Amino acid sequence: MSDDFWESAAQADPLWAILSDETKRGRRWDVNAFFATGRREISLLMYQLRQLGHPPRPGRALDFGCGVGRLTQALGALFDEVVGVDVSPTMLRLANHVNRTPGSVRYVLNDTNDLRQLESGSFDFVYSDIVLQHLPPAAARAYIEEFLRLLRFGGITVFQLTSHRRSPQEAATRPIAMPDDAYRARLQLAEERPQAMHAGERREIEIVAENLSASVWDQAAVGVIRLGNHWLSPAGDMLVQDDGRTSVPGRLAPSDSARMTLTIEAPPDGGSFTCVLDLVHEGISWFGDKGSTTLEMPIAVSAGSPVAEAWGTPTPIAEPTFADIHDLLPPAGGAVLAGFPMHGVHHDEVLELVRKHGGQAFFVENDERGGPEWQGYRYFVEKLG
């Protein structure tokens, strides 16, 4: 995909070009809500890295394909210096306009097929999300090599990339979004709320879910709906977005309810946490993100193993206010962005590329951001000495 495409996308609908939520198409993203998604993503990522025993050094970080700085600004609260790289001058102009920490966060225009303007071994952390999947395979391979070149020994890179197309049978299970007002539920405990848990403890809880909407939740027609939970830190940051899951009955009419058993697992740290229960339409949205009321349970977690304690208390990311960047754009003129071309590099080839250039993948997880047609992964890699 050419640089001209991304520049046109930046001028037409920059936030939607970065996070393509159909309800936000046509410059309908609220800027502060948009940047809040970045804070949540980085908070989740850093906690996951601590759980994996690979917290990055808080020195210098790179956000590759930074756009307007959705993730760069969140990284800026956690690292001494952050560099955001993008191919679009308009994206970077907007990013600089809302840059809250210009002393430690800077943006760099990259118009080559490598990152030669950045010094080898000069970063502790490199992150790229929902970017490489839009690049031709040769370019994606080259940039993975560059990520490893830029890392200091012991540095961490995390990047997401599609691997290969799923079979027609697998792709046919694509969920269908319901109307927004169908995502309304009441969740109630069917037993006494757990007051305390040990770090890492697993516990079953009984929940009653009621359909408060005027729509039938017919999973045969729209796809799978489940009950799940998140964990929030004492500061309210998302630590674990996907903990337990349990299935909702296949069809639930308006005003009907169902009783379910959900197994939750306490965080590995000691402290006061909040377990948030919510329904999720898999592949579409959490009900809470559509305006439904979630069920929140404050739970005191007693400290676990010395290893867990060594990961430390999660660092809260501040919630700054951002100016509306849409005012800096030319009139939309009715332009509507089409979909983005998708490419992939096979999982096995990525792992071999990482190994060849001095890295080791210490964790790989499935990733669905390429859509139902693609099998994707997120790679967690350390640069070996």
Side-chain angles (χ1 to χ4, degrees), residues 19-24 37 40-41 44-45 48 129-130 133 160-187 202 204-213 215-232 238-254 256-265 275-296 339 342 344 347 364-378:
L19 277 187
S20 305
D21 181 335
E22 283 302 311
T23 66
K24 311 298 184 184
T37 69
R40 181 169 72 174
E41 180 172 331
L44 286 165
L45 174 65
Q48 185 175 15
D129 190 52
I130 331 179
Q133 67 183 21
Q160 172 268 348
L161 179 58
T162 42
S163 171
H164 56 275
R165 289 189 179 275
R166 292 188 171 118
S167 68
Q169 292 77 16
E170 293 173 313
T173 60
R174 183 171 188 166
I176 299 172
M178 299 186 294
D180 280 355
D181 58 8
Y183 296 92
R184 296 293 181 271
R186 177 185 292 117
L187 300 177
R202 293 171 62 84
E204 291 185 350
I205 56 174
E206 297 289 324
I207 303 294
V208 176
E210 181 183 356
N211 181 353
L212 293 184
S213 77
S215 301
V216 176
W217 299 342
D218 184 358
Q219 296 178 59
V222 302
V224 176
I225 297 174
R226 292 191 174 100
L227 171 69
N229 72 293
H230 322 305
W231 287 94
L232 305 183
M238 184 84 73
L239 300 179
V240 180
Q241 185 169 21
D242 297 292
D243 180 18
R245 282 287 204 280
T246 192
S247 297
V248 174
R251 190 177 189 279
L252 211 60
D256 282 355
S257 61
R259 181 166 174 154
M260 293 162 286
T261 301
L262 177 69
T263 301
I264 62 174
E265 180 175 341
C275 180
V276 180
L277 295 133
D278 196 3
L279 296 180
V280 58
H281 188 180
E282 299 285 8
I284 300 293
S285 176
W286 289 90
F287 278 45
D289 291 339
K290 295 286 190 178
S292 188
T293 301
T294 58
L295 176 60
E296 299 188 359
M342 293 291 298
H347 169 263
V364 179
E365 64 183 4
N366 287 323
D367 185 274
E368 302 293 330
R369 265 88 56 81
E373 296 86 2
W374 287 87
Q375 173 63 56
Y377 299 95
R378 190 158 71 151

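Basis for what follows: all heavy atoms, side chains included, without hydrogens, waters or symmetry-related copies. Treat the numbers as computed from the prediction; the structure is a model and nothing was measured.
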At their closest point, which heavy atom of [X] faces which heavy atom of [Y], and how far apart are they?
X	Y	value
Arg186	Leu212	NH1-CD2, 3.4 Å
Ala209	Met260	CB-CE, 3.4 Å
Trp217	Glu210	CH2-O, 3.9 Å
Leu252	Ala258	CD1-CB, 4.2 Å
Met178	Phe287	CE-CZ, 4.3 Å
Val216	Asn211	CA-ND2, 4.4 Å

Roughly how far, to the nearest 0.5 Å, is [atom2] of [Y] from [atom1] of [X]?
X	Y	atom1	atom2	answer
Ser163	Asp367	OG	CG	11.5 Å
Leu232	Gln241	CG	CD	10.5 Å
Glu296	Asp278	CD	CG	10.0 Å
Asn229	Leu262	CG	CG	5.0 Å
Arg184	Ser292	CZ	OG	6.5 Å
Leu161	Gln133	CG	CD	7.5 Å

*List in chain and number order the residues that pass side chain to side chain donor-acceptor pair (under 3.5 Å) with Glu206, two or more places apart in sequence or in another chain; answer none if no residue qualifies.*
Arg259, Thr261
*Intermediate values then yes/no, side-chain contact (heavy atoms from CB on, under 4.5 Å), His230 and Arg40*: CA-CA 12 Å; His230 322 305; Arg40 181 169 72 174; 5.9 Å; no
Within the side chain of [X], is there an N or O that forms a donor-acceptor pair under 3.5 Å with the backbone of [Y]?
X	Y	result
Gln219	Pro249	yes
Gln160	Ile130	yes
Arg226	Thr246	no

Do [X] and [Y] make a side-chain contact, defined as non-hydrogen atoms from C-beta onward lying under 4.5 Å apart?
X	Y	answer
Val222	His281	yes
Leu277	Ile205	yes
Glu368	Glu282	no

*Begin with the C-alpha distance, continue with both residues' side-chain angles, and end with the deciding distance and a verdict on side-chain contact (heavy atoms from CB on, under 4.5 Å) for Tyr183 and Asp289.*
CA-CA 9 Å; Tyr183 296 92; Asp289 291 339; over 6 Å; no
*Between Arg245 and Asp242, does at least one N-O distance fall below 4.0 Å, as a salt bridge requires?*
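Here Arg245 pairs with Asp242 in a salt bridge, since their nearest N and O are under 4.0 Å apart.
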_Salt-bridge contact Asp256-Arg251 (side-chain N to carboxylate O under 4.0 Å)_ = no
*Stepwise, does the side-chain contact (heavy atoms from CB on, under 4.5 Å) test hold for Leu227 with Leu187?*
CA-CA 10 Å; Leu227 171 69; Leu187 300 177; 4.2 Å; yes
*In terms of ring plane angle, is the pair His347 and Tyr377 parallel, tilted or perpendicular, where the classes change at 30° and 60°?*
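Tilted.
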_Is there a side-chain contact (heavy atoms from CB on, under 4.5 Å) between Glu41 and Asp129? Walk through the geometry before answering._
CA-CA 10 Å; Glu41 180 172 331; Asp129 190 52; 2.8 Å; yes
*Check step by step if salt bridge (charged side-chain N to carboxylate O under 4.0 Å, His left out) holds for Glu373 and Arg165.*
CA-CA 6 Å; Glu373 296 86 2; Arg165 289 189 179 275; 5.9 Å; no
